[in-house]
**Student:** 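Here's a structure for you.
Every number for a ligand or one of its atoms is a count from 1 in the order of the listing.
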Amino acid sequence: MKILVIGTGAREHAIVWKLLQSPRVSKVFVAPGNAGTATIAQNINVPATDIPSLINVARQHKIDFTFVGPETPLSEGLVDQFQHAGLPVFGPTRTAARIEASKIFSKALMSKYGIPTAASQSFSNLDKAASYVKHHKLPIVIKADGLAAGKGVVIAQSTNEALDTLKSMMQDNALGDAGKCVVIEEYMTGREMSIFTFSDGVTLSPPVTACDYKRVFNNNEGPNTGGMGSFSPPDFYTPELSERAMREIMHPTIQALSSEDSPFTGVLYGGLMIHNSVTRTVEFNCRLGDPETQVILPRLKSDLVDITLAAIEKRLDKQVIEWSDEACVGVVMAAPGYPGHYPVGLPISGLSDVDNDVLVFHAGTKLDSDGKIATSGGRVLTVAAMGATLSQARQKVYNNLPRINFEGVHYRTDIAQF
Ligand code: AMP
Ligand code: GLY
């Protein structure tokens, strides 16, 4: 069986790595991939959003199914166009992907179907939005409606900050069309967690959970990033909480999307806030998380190809999906200056010096002109390890990390510590 994976990050490297464990797979292609995916699969130099070229690639290589990593091609209708071309593909259609691509859609859906989340209101008019923030308590959360690569949410601590944010998004187009409309919502406190479930539109797989660390520095200080590390499973997440989150949030959301003529096939990712045993939705994503994928796929005991095909063919109810009880911890190694400006082309050393059971998933890497691996992005690698306990997994990762090096590398040293 031949599979095409779309995307370029450490998430996609982990997806390729897991798919290749299936005895059913003869070859995996990745578009566009990175230097890590090139060592185990065949990279194809087509961007993840060039849908017509991706269709040609799938046809040319007689791909059995395509697995989509990132949200942008999903929100641009990749799945619809592949289906139209008669090509099997795993991921939600454009209308189902609105659960992530439009915060206004997602909040309206939650409100209509009684799915627990923060109180909110949506605005397309700056004056009305400004008046709303003046009459609501602080902090207050302002969210751009559209996809904004992790920059679309501002937690405003003062009314002035809220007003400045609204002006910058709605009037000055700081986020382009994504910020023309906004959701303003109540600030929630508690512990945040990500929950993932495979869906064929009706049946949901047993969920798996992880926590990620968005701030660049230890103790959650510094600016937001795409994610600096992750661990799975969170120790505070009990089977009771899991059962409730599935019953109150994940199942009703899949049913709601079906009722709205947008059945969801793919991975539904719930960002949850847990406070005093009450779980509310922070947001939904329509795909696997990054860096969460790098710590959940190592815990997947079942065959990812079987699961994906069962979801595409709408027979997930007959598919066994098992997660290991072991823990997994992943730490992101980032380029100097990330998440601000950073240099590229820094040679990476020590990649093969890690223990055999330590996983190194590449993100921003490429082969330089001498055929050596160098940095090409802000988040460069995720290094992950399993352990009988979180603290054992954590220790293993941090023992191995210093063996890999590039000039100015930085990473958090407190992943999975709290
Ligand atoms: P999102 O893009 O919706 O995941 O938001 C990014 C981050 O902002 C989340 O992971 C939370 O840490 C934070 N956030 C979003 N909405 C809220 C909220 N209503 N209350 C508190 N924190 C929030
Ligand atoms: N871990 C955050 C995301 O994948 O959006």
**Student:** Can you work out which protein residues put a heavy atom within less than 4.0 Å of ligand 1?
**Tutor:** K103, V141, K143, V153, I155, E185, E186, Y187, M188, E192, K214, M273, V282, E283
**Student:** Which protein heavy atom lies closest to atom 2 (C) of ligand 2, and at what distance to 0.1 Å?
**Tutor:** Y269 OH, 3.2 Å
**Student:** In this structure, are over 12 heavy atoms from other groups packed under 6.0 Å from K2 atom NZ?
**Tutor:** yes
**Student:** Are any of the heavy atoms in R287 under 4.0 Å away from ligand 2?
**Tutor:** yes
**Student:** Are a donor atom and an acceptor atom from the side chains of K18 and T293 found within less than 3.5 Å of each other?
**Tutor:** no
**Student:** Only pairs under 3.5 Å count here: list side-chain donor-acceptor contacts from residues 165-181, not counting sequence neighbours, and write none if there are none.
**Tutor:**
from : atom 1 : to   : atom 2 : distance (Å)
T165 : OG1    : E161 : O      : 2.7
K167 : NZ     : D172 : OD2    : 3.3
D177 : OD1    : K180 : NZ     : 2.9

**Student:** Under 6.0 Å from the CD atom of E407, do we count more than 12 heavy atoms belonging to anything else shown?
**Tutor:** no
**Student:** Describe, in one word, how the ring planes of F361 and W17 are oriented to each other, choosing from parallel (under 30°), tilted (30 to 60°) and perpendicular (over 60°).
**Tutor:** perpendicular
**Student:** Please could you name the atoms of ligand 2 that D212 approaches to less than 4.0 Å, counting only its heavy atoms?
**Tutor:** 1 (N), 2 (C)
**Student:** For D290 and ligand 2, does the shortest N/O to N/O distance drop below 3.5 Å?
**Tutor:** yes
**Student:** L309 versus R24: any side-chain heavy-atom pair under 4.5 Å?
**Tutor:** yes
**Student:** G289 heavy atoms, cut-off 4.0 Å: which ligand 2 atoms fall inside?
**Tutor:** 4 (O)
**Student:** Looking only at distances, can you tell me whether any N or O atom of E292, backbone or side chain, sits closer than 3.5 Å to an N or O atom of ligand 2?
**Tutor:** yes
**Student:** How are the rings of F217 and H410 set relative to one another: parallel (under 30°), tilted (30 to 60°) or perpendicular (over 60°)?
**Tutor:** tilted
**Student:** Testing V154, V282, V153 for side chain to side chain contact (heavy atoms under 4.5 Å, CB included) with V141, which one passes?
**Tutor:** V153
**Student:** Answer yes if the side chains of D145 and S102 hold a donor-acceptor pair under 3.5 Å, and no otherwise.
**Tutor:** yes
